[in-house]
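Reviewing the structure listed below.
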Protein chains: 2
Amino acid sequence: MSRSATGPQTIDSSDRRDEIVEAAGRLFSESGYHTTSMRDLARAVNLQGGSLYSHITSKDEVLFEIVSRAADEFLAAAASVPAELSPAFRLARLIQGHLRVMAREIRLATVFFQDWRYLSPERREIIALRRDEYEAHFRDTIEAGAEAGVFHVESPRLAAIFVLSALNWTYQWYDPNGSLSPDELASQYCRMLFGALGGPNQLKLEAGND
Amino acid sequence: MSRSATGPQTIDSSDRRDEIVEAAGRLFSESGYHTTSMRDLARAVNLQGGSLYSHITSKDEVLFEIVSRAADEFLAAAASVPAELSPAFRLARLIQGHLRVMAREIRLATVFFQDWRYLSPERREIIALRRDEYEAHFRDTIEAGAEAGVFHVESPRLAAIFVLSALNWTYQWYDPNGSLSPDELASQYCRMLFGALGGPNQLKLEAGND
DNA sequence: CCTACCGATCGGTAGG
DNA sequence: CCTACCGATCGGTAGG
């Protein structure tokens, strides 16, 4: 978005900036946004505290960068699900995509869920809109499935919340380095979630592209 | 802004202490533990900043008090489920109890989930044990149901996490003052969760005591 | 319960 | 990218 030219004086390889954001993702996800100081962050990238500010403009901006990237990943995964698929297959792919992103970017996701409320109001609003957009993918798919008679739910809105609860909570316990692969988890969660929605029982997920 | 009678210097009415903890529950749940200062808390109970410390000893202690009360409520609800019930009914009652506590004590629950990680290590450990104890109620019940052939799950452990995901996430969106009552929510969640576990379809929850 | 104060630390800036 | 520094604010204490 804002690749504002920081001026000619600093070379500011966005390499360095990326390094800072990545370290921040790690530190914030481990210790929380407010308990990580800018000096902690500087130390993690071998800089003095003040030197951070030739690469970033504020702590809030760093948080936004992390949360934004997480939102990007989730939205891209949802957008990659072919609209021609049936609602049941679409939902299965949404679930699989969500859990793959969660496994690949668990630190971004953790900061997203834990600290996005501490963004400045303007930036928080931007994220709120994208989160709504993401949830709409699930709600619309469930609604379509309900109308087609493949899902049987009392309230598609509540059902969407229910599905997203299971998916979002994974950041609290899932270990990407553990023995449970994201696709294996997706398979088990699909089974349970389809049961919850009164949907079809044996969907085969092609182990395809993202 | 009443300068309430400075009265006799009290040793510590636990009334006052309760008032402080309750206000802290409200403030922490709205703004987060680290973004609420002790001066904010003092103002909310019409005290000067330093005066708080005749009733409490530290900010960490206040947080522990809130998180502890939340744990108390959840554990009491689980303990009140009769052990003689069948696994399916037991699980239904666990779900209902959880959602009733959530509705009644949403501020305590919010602070619990959002800020318990910021407790001092010793206090965090105490809470971790109680959380494990609570989760065991769910896991054991699901395991018993699976062995009895009433639930059909691949992994009781994962199924328990799944169930608790849906329940715990409610603090993020449920409005106790909205039109959806906790028992109505419990009824819908039971239907979906039993579907997820391949369990029986029509359980009637008696609208009984706690 | 208040006034006054403590040292520590915070995010961020100036100037080179 | 560093050194040196800013004002603000933090949780907590002393002494009455």
Side-chain angles (χ1 to χ4, degrees), chain A residues 4-21 23-24 27-28 31-67 111 115 117-124, chain B residues 1-21 23-24 27-28 31-67 111 115 118-124:
Chain A
S4 57
T6 41
Q9 69 277 23
T10 50
I11 303 165
D12 182 28
S13 54
S14 61
D15 275 358
R16 207 66 166 120
R17 198 188 134 95
D18 276 353
E19 197 187 338
I20 291 170
V21 172
L27 294 175
F28 291 175
S31 312
Y33 177 68
H34 281 110
T35 39
T36 302
S37 74
M38 292 307 270
R39 264 65 187 175
D40 293 334
L41 177 53
R43 198 175 315 115
V45 294
N46 290 311
L47 287 182
Q48 295 301 316
S51 307
L52 285 174
Y53 293 89
S54 29
H55 301 99
I56 54 107
T57 73
S58 70
K59 197 183 184 187
D60 183 65
E61 190 206 37
V62 174
L63 176 57
F64 182 68
E65 190 70 36
I66 295 168
V67 169
V111 176
D115 293 319
R117 64 197 302 250
Y118 299 121
L119 283 168
S120 64
E122 311 79 31
R123 285 174 167 147
R124 192 170 57 236
Chain B
M1 189 75 74
S2 66
R3 171 66 56 86
S4 55
T6 38
Q9 57 264 37
T10 51
I11 307 165
D12 173 29
S13 58
S14 62
D15 276 356
R16 208 69 167 115
R17 197 187 137 93
D18 277 351
E19 197 187 337
I20 290 170
V21 172
L27 294 175
F28 292 174
S31 311
Y33 176 68
H34 282 108
T35 40
T36 302
S37 74
M38 294 307 271
R39 264 65 186 175
D40 293 334
L41 178 52
R43 198 175 313 115
V45 293
N46 290 312
L47 287 181
Q48 295 301 315
S51 306
L52 285 173
Y53 293 89
S54 28
H55 301 99
I56 53 107
T57 73
S58 69
K59 196 183 184 186
D60 184 66
E61 189 205 38
V62 175
L63 177 56
F64 181 69
E65 189 70 37
I66 295 169
V67 168
V111 176
D115 294 318
Y118 300 121
L119 283 168
S120 65
E122 310 80 34
R123 286 175 166 147
R124 192 170 57 235

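Quick note on labels: first sequence line is chain A, next is B, and so on, each numbered from 1. Just so we're clear, the structure is a prediction, and the values are computed from it rather than from any experiment.
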task = Rounded to the nearest 0.5 Å, what's the gap from CG on Leu119(B) to CG on Leu63(B)? Could you check?
result =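 Interatomic distance, Leu119(B) CG to Leu63(B) CG, rounded to 0.5 Å: 4.0 Å.
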
Separation between CG of Leu41(B) and CD1 of Ile56(B), rounded to the nearest 0.5 Å =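 Rounded to the nearest 0.5 Å, the CG-CD1 separation comes out at 7.0 Å.
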
key: SB check Glu65(A) Arg123(A) (cutoff 4.0 Å)   =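 Result for this pair is no, no salt bridge flagged.
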
query = Please walk me through it: do Ile66(A) and Asp115(A) pass side chain to side chain contact (heavy atoms under 4.5 Å, CB included)?
reply = CA-CA 10 Å; Ile66(A) 295 168; Asp115(A) 293 319; over 6 Å; no

task = Could you encode protein contacts along nucleotides 11-16 of chain D as a string, one character per nucleotide from 5' to 3', using B for base contact, S for sugar-phosphate-only contact and - for no contact, with a heavy-atom cut-off of under 4.0 Å?
result = BBB---

query = What are the two closest heavy atoms between Ser31(B) and Thr36(B), and how far apart are they?
reply =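 So the two residues come closest at CB-OG1, 3.8 Å.
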
remark   = Between CG of Leu52(B) and P of dC1(C) the distance, given in whole Å, is 10 Å

query = Whole-Å distance between dC10(C) P and Leu41(A) CG?
reply = 12 Å

query = Based on Watson-Crick and G-U pairs with both distances under 3.5 Å, what dot-bracket line describes DNA chain C 5' to 3', crossing pairs as [ ] and inter-strand pairs as |?
reply = ||||||||||||||||

Tyr118(B) and Tyr33(B) aromatic ring geometry - parallel, tilted or perpendicular at 30°/60° bounds =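 Rings of Tyr33(B) and Tyr118(B): parallel, as their planes differ by under 30°.
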
query = Counting only N and O atoms by type, is there a donor-acceptor contact under 3.5 Å from the side chain of Asp40(A) to the main-chain atoms of Ser37(A)?
reply =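 Indeed, once roles are kept as given, a pair shorter than 3.5 Å links the two residues.
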
Flag, side chain of Arg39(A) to backbone of Gly49(A), donor-acceptor distance under 3.5 Å =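 Not at all, since once roles are kept as given, no pair shorter than 3.5 Å links the two residues.
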
